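The chain is numbered in sequence order, starting from 1. Small disclaimer: the values here were computed from a predicted structure and weren't measured.
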Amino acid sequence: MSNFQMYRHIISPGWTLSWSWAKKEVLWSMVGAQTTEQGDCSKFKGNIPHCCKKTPTVVDLLPGVPYNQQFSNCCKGGVMAAWGQDPTASVSAFQVSVGLAGTSNKTVKLPKNFTLLGPGPGYTCGPAKVVPSTVFLTPDRRRKTQALMTWNVTCTYSQFLASKNPTCCVSFSSFYNETITPCPTCACGCQNKNSCVKSNSKESHKKGINTPKKDNTPLLQCTHHMCPIRVHWHVKVNYRDYWRAKVAVTNFNYRMNYTEWTLVVQHPNLNNVTQVFSFDYKPLVPYESINDTGMFYGMKFYNDLLMEAGPFGNVQSEVLLQKDKNTFSLKQGWAFPRKVYFNGDECMLPPPDTYPYLPNSAYANPTSILSMAASLLLILLSMG
């Protein structure tokens, strides 16, 4: 399994893969993964298959399993990194021995109805397609062996299938305006409003509050937006040739921390990023002529883990951008992002008319100018 998504990874508790056999196939053995159920194997005597279910459900093994159960790129608890963040960790593999399937490419039938959870809904898988057989090299790299048959299955992700509401929101502030533009009210839906925890209550320090549930139901801190994640963009300083923005990500979910998180921002000045402090940065260029999107992610062993809600549940950085005199402006909300994504999901931005705009320039009052001129004339006449 290869995750080709640039900025969306599969988080804990990991992926779950299932399919339906075309005939009466069974899984004799597995290396690097296991099925969640064995099924009814009563018709087999002696050697019992690993799984006899018509629709097996496969999960990755956890780290630290015995060496004889491991396979290359396995045993990471189903966690897969984003391709843009760490290509070497964006692969997961396992090996199965299939019985009652035939011994030639004419008798082997393709499985159907592939389903991928990563770890929740959102992925839709297409049918298996036969492709040229995979070629393997022997360890001495002097001989090639060929697979009996190879097929590919492509699964695509949709945020709308995964959740009816957004999972994050964005707020804005700036040095030139005292007004802070908050996340929209109920930006992520207010269905968790009745079970939320106030940040200053005793319950927020209760023992076991950070224990995750099996169904991954969140326990959110009480906020007006009721989002697990808030991204705050602050326009901090305006230099002559550069300007600086501060980016802060806050976790409001008491039951979840985010490992290997990613933050994607679309902004017209990201083509002139000079320096990023305390985050790693990688430009994303989907179109060669447009370089306005970049991916921020944590530095390994420093801030690549976003802790659960509480005093340590945030990560922050600053971005220094060089001004392009032809396009640079702080007017009309230009200094704020156009789109923001956290872990591959698009965040809800405030309405454009609420952005912290520059204060209106002072205008001359003709009445005051005339009265000033008259008073000066009187002074001159009295001096004369």
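- Looking at Thr167, its side chain never comes within 3.5 Å of a backbone N or O of Asp345 through a donor-acceptor pair.
- Taking the ring axis of Tyr157 as reference, the NZ or CZ atom of Arg8 stays within 45° of it and closer than 6.0 Å to the ring centre.
- Between the side chain of Asn303 and the backbone N or O of Ser278, at least one donor-acceptor pair lies under 3.5 Å.
- When atom types are taken as modelled, the side chain of Ser329 and the backbone of Lys331 share a donor-acceptor pair closer than 3.5 angstrom.
- Salt bridge Lys236/Glu318: present, at least one basic N to carboxylate O contact under 4.0 Å.
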* Could you go through the side-chain contact (heavy atoms from CB on, under 4.5 Å) check for Phe136 and Lys144 one step at a time? => CA-CA 6 Å; Phe136 304 96; Lys144 292 180 180 179; over 6 Å; no
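- Side-chain contact between Leu349 and Tyr355: present, with at least one pair of heavy atoms (C-beta onward) separated by less than 4.5 Å.
- Side-chain contact between Ile11 and Met256 is present, with heavy atoms from C-beta onward closer than 4.5 Å.
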* To do: Check the pair Leu161 / Gln159 against side-chain contact (heavy atoms from CB on, under 4.5 Å), numbers first and verdict last.
  => CA-CA 5 Å; Leu161 288 176; Gln159 184 177 345; over 6 Å; no
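- Between Cys51 and Glu37, the shortest heavy-atom distance links the atoms SG-O, 3.4 Å.
- Judged by distance alone, the side chain of Lys193 and the main-chain N or O of Thr223 form a donor-acceptor pair under 3.5 Å.
- Counting only distance, with no hydrogens or angles, the side chain of Tyr297 and the backbone of Gly84 share no donor-acceptor pair below 3.5 Å.
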* Go through the steps to decide whether Ser97 and Ser29 satisfy the test side chain to side chain donor-acceptor pair (under 3.5 Å), and finish with yes or no. => CA-CA 5 Å; Ser97 296; Ser29 62; 3.2 Å; yes
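- Side-chain atoms of Lys323 and Asn269 form no donor-acceptor pair, as typed in the model, at a separation below 3.5 Å.
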* Asked: Would Trp19 and Thr115 count as a side chain to side chain donor-acceptor pair (under 3.5 Å) if you check the C-alpha gap in whole Å, the side-chain angles of each, and the deciding distance to 0.1 Å?
  -> CA-CA 6 Å; Trp19 63 84; Thr115 304; over 6 Å; no
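- To the nearest 0.5 Å, atoms CG (Asn192) and CD (Gln221) are separated by 13.5 Å.
- No chain of hydrophobic side-chain contacts below 4.5 Å, direct or via other Ile, Leu, Val, Met, Phe, Trp or Tyr residues, connects Leu17 to Val79.
- Two residues are said to be in side-chain contact when any heavy atoms from C-beta on lie closer than 4.5 Å; Cys347 and Val170 meet this criterion.
- A heavy-atom distance below 4.5 Å is found between the side chains of Trp151 and Met149.
- Taking OG from Ser171 and CE from Met348, the interatomic distance works out to 14.0 Å, rounded to the nearest 0.5 Å.
- Here the shortest heavy-atom pairing between Val98 and Trp28 reads C-CD1, 4.0 Å.
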* To do: For disulfide (SG to SG under 2.5 Å), just list the numbers for Cys168 and Cys227, CA-CA rounded to whole Å, side-chain angles, deciding distance to a tenth of an Å, and then say yes or no.
  => CA-CA 5 Å; Cys168 53; Cys227 288; over 6 Å; no
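- In the model, His50 has a side-chain atom that pairs as donor or acceptor with a side-chain atom of Thr35 under 3.5 Å.
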* Evaluate the criterion ring-ring contact (aromatic ring centres under 6.0 Å, His included) for residue pair Trp233 and Phe172; output intermediate values, then yes/no. => CA-CA 5 Å; Trp233 180 279; Phe172 294 139; 7.7 Å; no
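- Met30 places a side-chain heavy atom less than 4.5 Å from the side chain of Phe94.
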* To do: Take Tyr242 and Arg244, measure what side-chain contact (heavy atoms from CB on, under 4.5 Å) needs, and give me the verdict at the end.
  => CA-CA 7 Å; Tyr242 301 90; Arg244 185 189 292 253; over 6 Å; no
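- To the nearest 0.5 angstrom, Thr88 atom OG1 is 8.5 Å from Asn73 atom CG.
- More than 12 heavy-atom neighbours from other residues, nucleotides or ligands sit within 6.0 angstrom of CZ on Phe44.
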* Go through the steps for Phe342 and Tyr258 under the test ring-ring contact (aromatic ring centres under 6.0 Å, His included), then give the verdict. => CA-CA 10 Å; Phe342 181 80; Tyr258 295 86; 5.3 Å; yes
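- The closest side-chain heavy-atom distance from Gln266 to Val264 is not below 4.5 Å.
- The backbone N or O of Lys23 lies less than 3.5 Å from a partner atom in the side chain of Glu25, making a donor-acceptor pair.
- Scanning both residues, Trp15 and Gly78, for their nearest heavy atoms gives CD1-O, 3.0 Å.
- With hydrogens and angles ignored, the 3.5 Å screen pairs a side-chain donor or acceptor of Lys54 with a backbone N or O of Trp21.
- Looking at heavy atoms from C-beta onward, Ser20 lies in side-chain contact with Thr55 at the 4.5 angstrom threshold.
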* side-chain contact (heavy atoms from CB on, under 4.5 Å) between Asn271 and Asp292, intermediate numbers included -> CA-CA 6 Å; Asn271 59 343; Asp292 66 348; over 6 Å; no
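- Phe279 and Trp261 have perpendicular rings, their planes meeting at more than 60° on a 0 to 90° scale where under 30° would count as parallel.
- Although no hydrogens or angles enter the test, the distance criterion places no donor-acceptor pair under 3.5 Å between the side chain of Asn152 and the main chain of Ala128.
- Defined by atom type and a distance below 3.5 Å, a donor-acceptor pair is present between the side-chain atoms of Thr150 and Thr134.
- Lys164 contributes atom NZ, which lies 15.5 Å from atom SG of Cys188 (distance to the nearest 0.5 angstrom).
- Looking at Asp40 and Lys53, no side-chain N of the basic residue comes within less than 4.0 Å of a carboxylate O on the acidic one, giving no salt bridge.
- Closest heavy-atom contact between Asn253 and Pro218: ND2-CB, 3.5 Å.
- Checked by atom type and distance alone, the side chain of Asn251 never pairs as donor or acceptor with a backbone atom of Gly313 at under 3.5 Å.
- In this structure, Lys339 and Glu346 have side chains that are in contact, with non-hydrogen atoms separated by less than 4.5 Å.
- If you chain together hydrophobic residues whose side chains sit under 4.5 Å apart, Ile180 and Tyr357 never meet in one group.
- Between His225 and Phe252, a ring centre-to-centre spacing shorter than 6.0 Å is recorded.
- A side-chain N or O of Asn177 and one of Thr179 form a donor-acceptor pair less than 3.5 Å apart.
- Under the 3.5 Å distance criterion, the side-chain polar atoms of Thr16 are left unmatched by any main-chain donor or acceptor of Leu117.
- Note that the SG atom of Cys125 and the CG atom of Leu116 stand 5.0 Å from one another [nearest 0.5 Å].
- Ion pairing of Glu260 with Lys300 is present here, as a side-chain N (NZ or NE/NH1/NH2) and a carboxylate O approach within less than 4.0 Å.
- Summarising the geometry of Val65 relative to Cys75, their closest heavy-atom pair is CG2-SG, 3.7 Å, with the distance given to 0.1 Å.
- The aromatic rings of Trp243 and Phe328 sit tilted, their planes meeting at an angle between 30° and 60°.
- Closest approach of Asn291 and Pro283 over heavy atoms only: OD1-CB, 3.9 Å.
- Tracing side-chain contacts under 4.5 Å through hydrophobic residues (I, L, V, M, F, W, Y), one never reaches Val26 starting from Val31; they form parts of separate clusters.
- In summary, the side chains of His232 and Ser173 do present a donor paired with an acceptor at a separation below 3.5 Å, with no hydrogens or angles considered.
- There is no path of hydrophobic side-chain contacts, each under 4.5 Å, that joins Val197 to Leu220.
- Taking the six-membered ring for Trp and thresholds of 30 and 60 degrees, Trp83 and Phe4 have ring planes inclined between 30 and 60 degrees apart.
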